[in-house]
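Quick caveat: nothing in here was measured; it's all calculated off a predicted structure. Just so it is clear, the values below take in all heavy atoms, side chains as well, and ignore hydrogens, waters and symmetry mates.
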Amino acid sequence: MKSWWRKAPEAANDDRLAIEAGGAERALRRLEWTVIRRLDGLLQGDYRTLKRGTGLDLADLREYQHHDDVRHIDWNVTARLQTPHVRVFTEDREMAAWFVLDLSRSVDFGSGLKAKREISAGFVGVLARLLTRHGNRVGALVYGRDLEAVIPPRTGRRHVLHLLHAMEKRAHQAEAAPAQKGMTRLADLLTSAAALMPRRSTVFVVSDFLSEPGWERPLGQLVQRHEVIAVRLFDPLELELPDLGLVPLRDAETGEQLWVDTHDAGFRKRFARLAAERETTLRESLARAGVDALELSTNDDLVEAIVRFADLRKRRVRGVAAGGGKAVVAA
């Protein structure tokens with residue numbers, strides 16, 4: 001597993017990054033002009049709507065005073081010392097965000113102008129830049145055939161470039177690599193994520209969730225410590241086939257290919273039914289794990305999708321006391 005845990009000297013990295021990350025630099029500039037500038041106005045600076053407010057860290061314990069909130073009384077300490085004690089908290093204004101990135105071969109698919117991989121890079125670039133501009137740290141786990149890179153959380157535009165360059169590099173490696181054996185093992189990625197994130201963070205799992213079964217349990221374990229948001233990538237052609245006659249279909253991950261007759265209405269109907277069942281199962285699995293989901297299609301406008309999701313998160317935070325299940329936002 002490749003890792004960037006050791007930090008190279010800043011001066012040595014500046015020139016190298018400018019040369020190697022030329023594509024990432026162009027992509028980030030394009031996102032800053034076409035997406036982030038629009039979001040600045042639409043979100044009105046309220047970047048915190050993408051997560052559930054600020055965190056609190058326990059700083060100290062002291063004796064209870066008459067103006068203290070009784071909800072902060074530590075009853076274990078009070079019983080032991082026979083004197084009421086309260087917990088003193090400090091507000092953690094710095095948010096750590098992790099992007100758990102599934103960049104397996106299946107995300108190369110796209111029936112239109114963009115592939116799922118490009119939508120993934122756009123989402124990560126926008127969110128990472130919005131967060132780092134406010135001093136928050138972002139990191140990433142990059143999965144291809146297995147966990148290939150761990151980028152520890154840091155801040156700044158240069159770090160966002162580093163992250164996008166890692167995604168771009170993985171895309172080039174995927175093009176040159178032979179087809180993999182078997183499907184993506186998303187469970188392995190989620191298990192690694194739980195082990196590599198020591199502090200409570202906001203975690204964006206960016207994947208098409210086309211994986212071997214068994215990822216639901218490690219996702220639920222990740223939710224126990226972190227706030228997890230599933231960013232599900234899909235292409236409309238994965239849900240319904242048009243009438244194109246006899247066409248070849250190839251499994252993006254294994255390379256297996258077969259010919260199908262899409263002119264057969266019965267086949268198209270069976271395909272749509274199975275796709276709908278898969279959609280229902282996926283949404284139910286995310287809901288059981290306690291995960292909000294943002295669905296991003298290759299045909300979607302990224303700005304509108306993020307704004308709708310931010311608005312939903314804001315309303316959920318306001319209504320959290322009333323309870324309710326997790327939400328899925330289809331862009």
Is there a path from [X] to [Y] through hydrophobic residues (I, L, V, M, F, W, Y) whose side chains come within less than 4.5 Å of each other?
| X | Y | answer |
| --- | --- | --- |
| Trp33 | Leu28 | no |
| Leu258 | Leu241 | yes |
| Tyr64 | Trp75 | yes |
| Leu113 | Leu237 | no |

Do NZ/NE/NH1/NH2 and the carboxylate oxygens of [X] and [Y] come within less than 4.0 Å?
| X | Y | answer |
| --- | --- | --- |
| Asp235 | Lys114 | no |
| Arg308 | Glu295 | no |
| Arg26 | Glu168 | no |
| Glu32 | Arg129 | yes |

Without swapping roles, check the side chain of [X] against the backbone of [Y] for a donor-acceptor pair under 3.5 Å.
| X | Y | value |
| --- | --- | --- |
| Arg268 | Thr262 | yes |
| Thr132 | Arg157 | no |
| His85 | Thr83 | yes |
| Ser120 | Glu118 | no |
| Arg87 | Leu61 | no |
| Glu304 | Asp301 | no |

Hey, does [Y] have a side-chain heavy atom less than 4.5 Å from the side chain of [X]?
| X | Y | answer |
| --- | --- | --- |
| Leu147 | Asp188 | no |
| Ser104 | Arg145 | no |
| Leu239 | Glu279 | yes |
| Pro153 | Val138 | no |
| Ser207 | Tyr143 | no |
| Leu141 | Trp98 | yes |
| Arg133 | Ile36 | yes |
| Thr202 | His226 | no |

Practice prompt. If the plane angle is over 60° it's perpendicular, under 30° parallel, otherwise tilted; pick one for Phe204 and Phe123.
Written response: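 Rings of Phe204 and Phe123: perpendicular, as their planes differ by over 60°.
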Discussion item. If the test is side chain to side chain contact (heavy atoms under 4.5 Å, CB included), which one of Val228, Asp102, Val231, Ile229 qualifies with Val205?
Written reply: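 The side chain to side chain contact (heavy atoms under 4.5 Å, CB included) with Val205 is passed solely by Val228 among Val228, Asp102, Val231, Ile229.
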What is the distance from atom [atom1] of [X] to atom [atom2] of [Y], rounded to the nearest 0.5 Å?
| X | Y | atom1 | atom2 | answer |
| --- | --- | --- | --- | --- |
| Phe209 | Arg283 | CZ | CZ | 12.5 Å |
| Leu161 | Glu25 | CG | CD | 5.0 Å |
| Met197 | Arg225 | CE | CZ | 11.0 Å |
| Asp208 | Phe109 | CG | CZ | 11.0 Å |
| Asp74 | Arg62 | CG | CZ | 12.5 Å |
| Leu302 | Thr34 | CG | OG1 | 8.5 Å |

Worksheet item: Is there a salt bridge (charged side-chain N to carboxylate O under 4.0 Å, His left out) between Glu148 and Arg170 once you walk through the steps?
Response: CA-CA 9 Å; Glu148 298 181 354; Arg170 170 58 201 163; 3.1 Å; yes
To check you understand the geometry: which heavy-atom pair defines the closest contact between [X] and [Y], and what is its length?
| X | Y | result |
| --- | --- | --- |
| Ala166 | Ile151 | CB-CD1, 3.6 Å |
| Leu190 | Pro218 | CB-CB, 3.9 Å |
| Val150 | Pro152 | O-CD, 3.5 Å |
| Leu189 | Leu101 | CD2-O, 4.1 Å |
| Arg185 | Asp146 | NH2-CB, 4.4 Å |
| Leu286 | Ala230 | CD2-CB, 4.0 Å |

Discussion item. Once salt bridge (charged side-chain N to carboxylate O under 4.0 Å, His left out) is applied, do any residues pair with Glu238, and if so which ones, sequence neighbours excluded?
Written reply: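 Scan of Glu238 (salt bridge (charged side-chain N to carboxylate O under 4.0 Å, His left out), adjacent residues dropped) gives Lys116.
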Discussion item. According to salt bridge (charged side-chain N to carboxylate O under 4.0 Å, His left out), who are the partners of Asp261, at least two apart in sequence or on a separate chain?
Written reply: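 Expected list: none.
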Worksheet item: Distance only, no hydrogens: is a donor on one side chain within 3.5 Å (strictly under) of an acceptor on the other, for Thr184 and Ser211?
Response: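 Judged by distance alone, the side chains do not pair up.
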Worksheet entry | Distance-only side-chain donor-acceptor flag, Asp243 / His263, under 3.5 Å |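 Yes.
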Item to complete: Kindly determine whether Leu127 and Ile306 satisfy side-chain contact (heavy atoms from CB on, under 4.5 Å), including the steps that lead there.
Response: CA-CA 9 Å; Leu127 261 293; Ile306 293 177; 3.6 Å; yes
Worksheet item: Can you check side-chain contact (heavy atoms from CB on, under 4.5 Å) on Val100 and Val206, steps first, answer last?
Response: CA-CA 6 Å; Val100 178; Val206 186; over 6 Å; no
Worksheet item: Got a sec: does the CZ of Arg29 have more than 12 other heavy atoms crowding it under 6.0 Å?
Response: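 No - once you tally the heavy atoms of other residues, nucleotides and ligands closer than 6.0 Å, there are 12 at most.
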Item to complete: Give the C-alpha distance, both sets of side-chain angles, the deciding distance and a yes or no for side-chain contact (heavy atoms from CB on, under 4.5 Å) between Val291 and Leu219.
Response: CA-CA 9 Å; Val291 175; Leu219 179 64; 4.1 Å; yes
Item to complete: I would like to know whether Leu186 and Glu212 meet side-chain contact (heavy atoms from CB on, under 4.5 Å); could you show each step before the answer?
Response: CA-CA 7 Å; Leu186 189 57; Glu212 291 183 357; over 6 Å; no
